[in-house]
Amino acid sequence: MVDIKSMTLEELTAWLKEQGEPAFRARQIFKWLYRGVTSFAEMTDLSKQLRQKLEERCTLTPPQVAQKQVSVQDGTIKYLWRLADGNCVESVLMRYQHGNTVCISCQVGCRMGCAFCASTIAGKVRDLTPAEMVDQVLFIKMDSGAPVSNIVLMGIGEPLDNFDTVLRFLTLANHPDGLNIGMRHISLSTCGLVEQIDKLAGYGLQLTLSVSLHAPDNETRSRIMPVNKSVGVEKLLEACRRYFDKTGRRVSYEYAMIDGVNDTDWQADLLTRRLKGAPAHVNLIPLNEVEESPLKPSRRVAAFQKRLEGHGVTVTVRRKLGGDIDASCGQLRRKAMGENGQRQWEKRG
Ligand code: SAH
């Protein structure tokens, strides 16, 4: 069986040709897929035979809404999706002045092990498919009725650890007959896989690369982000510099403010020195408390911001949306797992 929605238009065209169908059918089918049909029967301008053929040879795996939480404060909507195999992932619709943004997941769980993150506590179960990534955006659009102008890959999972899928997703998201979102309206967030950052730079895409830095010194960063142990901050920032040189895109650095861990003046000063020489943007994130973690939100966000600004660093503080719902990624899935996902985890030991 063929996962038809994970194919690019070119691949679909080639595949249909193999099936003895004319090329123009590809665009017709592609467009139907992005209108959010959940069965081939809905593709009413195709012949009965072709619909039957697709039914027999292709899969369509639309996700089900397992849970939905709407913030009364700001209209943020958090979705927990049940995928075709019963696994769950989360996405969030956020309403900003500059347009609606959907934050999507790219893996079921995560294997990066960051100390502050709810998504990684039970490890990675599997990668998502391109179709499963596309569907999060598409079905949020259909369910909420809200137009979507921006996508951020900042949900569950590490995008650069599912590289080929994410690349294909970007093609599908960007295609005029696909999700039709401009590359400059897409952000990809990574914990900092250096080789893959270089690989991504090679494609010269105009998306925004967000790097989860969270500490400027190796001792702290290795403590809260195991991925740092093998690479180190210096090599990571060199890769970010190469990324900027290749793409011309300013790199954005995420920095979750953790009480007594990464919020001191000397760390602000070191961060400034480390970022010198290439355009950068620092986004300070008030830490979302995770039940299973002892880490607490910093009380020095404003002071840290001021210190950075004093050194001429471009810095913003992320506005907290959906404060009245479980809007930080990974938490809704963990709660749902406690109710009905346990067995699947036990199996993995
Ligand atoms: N794996 C990718 C993307 C997923 S996480 C990455 O590491 O960037 C998206 C962002 O949320 C990352 O910057 C991550 O470090 C941050 N994050 C995770 N848990 C958080 C928490 N409890 N509070 C604040 N930010 C958190």
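Along the sequence shown, residues are numbered consecutively beginning with 1. In each ligand, atom 1 is the first atom listed, and ligand 1 is the first ligand listed. Side chains are part of it too, since the values below use all heavy atoms of this structure and drop only hydrogens, waters and symmetry mates. Quick caveat: nothing in here was measured; it's all calculated off a predicted structure.
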For this session: Please round to the nearest 0.5 Å and tell me the distance separating atom NZ of K78 and atom CD1 of I325.
Result: 7.5 Å

Seminar exercise, completed: d(T190 OG1, Q196 CD) to nearest 0.5 Å is 7.5 Å

Exercise. Can K124 and E158 be counted as an ion pair, charged N to O under 4.0 angstrom?
Worked result: no

Exercise. Heavy atom under 4.0 Å from ligand 1: found in V290's side chain, backbone, both, or neither?
Worked result: side chain

For this session: Anything under 30° is parallel, anything over 60° is perpendicular, the rest tilted; go ahead and classify Y34 against F30.
Result: tilted

Problem set entry | Numbered atoms of ligand 1 (with element) below 4.0 Å of C191, judged on heavy atoms | 6 (C), 7 (O), 8 (O)

For this session: Check whether any heavy atom of G192 sits under 4.0 Å from an atom of ligand 1.
Result: no

Exercise. How does E158 reach ligand 1, by side chain, by backbone, by both or by neither, if only non-hydrogen atoms under 4.0 Å count?
Worked result: both

For this session: Look at the rings of H214 and F116 and say which category their plane angle falls in: under 30° parallel, 30 to 60° tilted, over 60° perpendicular.
Result: perpendicular

Exercise. Quick one: does A118 get a heavy atom under 4.0 Å from ligand 1?
Worked result: no

For this session: Under 4.0 Å from a heavy atom of E254: give me the atoms of ligand 1 that qualify, with their elements.
Result: 10 (C), 12 (C), 13 (O)

Exercise. Considering only heavy atoms, does H214 approach ligand 1 within less than 4.0 Å through its side chain, its backbone, both, or neither?
Worked result: side chain

Exercise. Are the charged groups of R35 and E42 less than 4.0 angstrom apart, N to O?
Worked result: no

Problem set entry | Residues H281 and T316: side-chain donor-acceptor under 3.5 angstrom | yes

Problem set entry | T190 and ligand 1 - part of the residue with a heavy-atom distance under 4.0 Å | backbone

Exercise. Just which atoms of ligand 1 are under 4.0 Å from any heavy atom in C117?
Worked result: 18 (C), 19 (N)

For this session: Output yes when D74 and R319 qualify as a salt bridge under the 4.0 Å nitrogen-oxygen rule, no when they do not.
Result: no

Exercise. Between F116 and ligand 1, is there a nitrogen or oxygen pair with a distance under 3.5 Å?
Worked result: yes

For this session: With atom 8 (O) of ligand 1 as the reference point, say which of S293, P159, S212 has the nearest heavy atom.
Result: S212

Exercise. Quick one: which ligand 1 atoms are inside 4.0 Å of a heavy atom on G157?
Worked result: 1 (N), 2 (C), 3 (C), 4 (C)

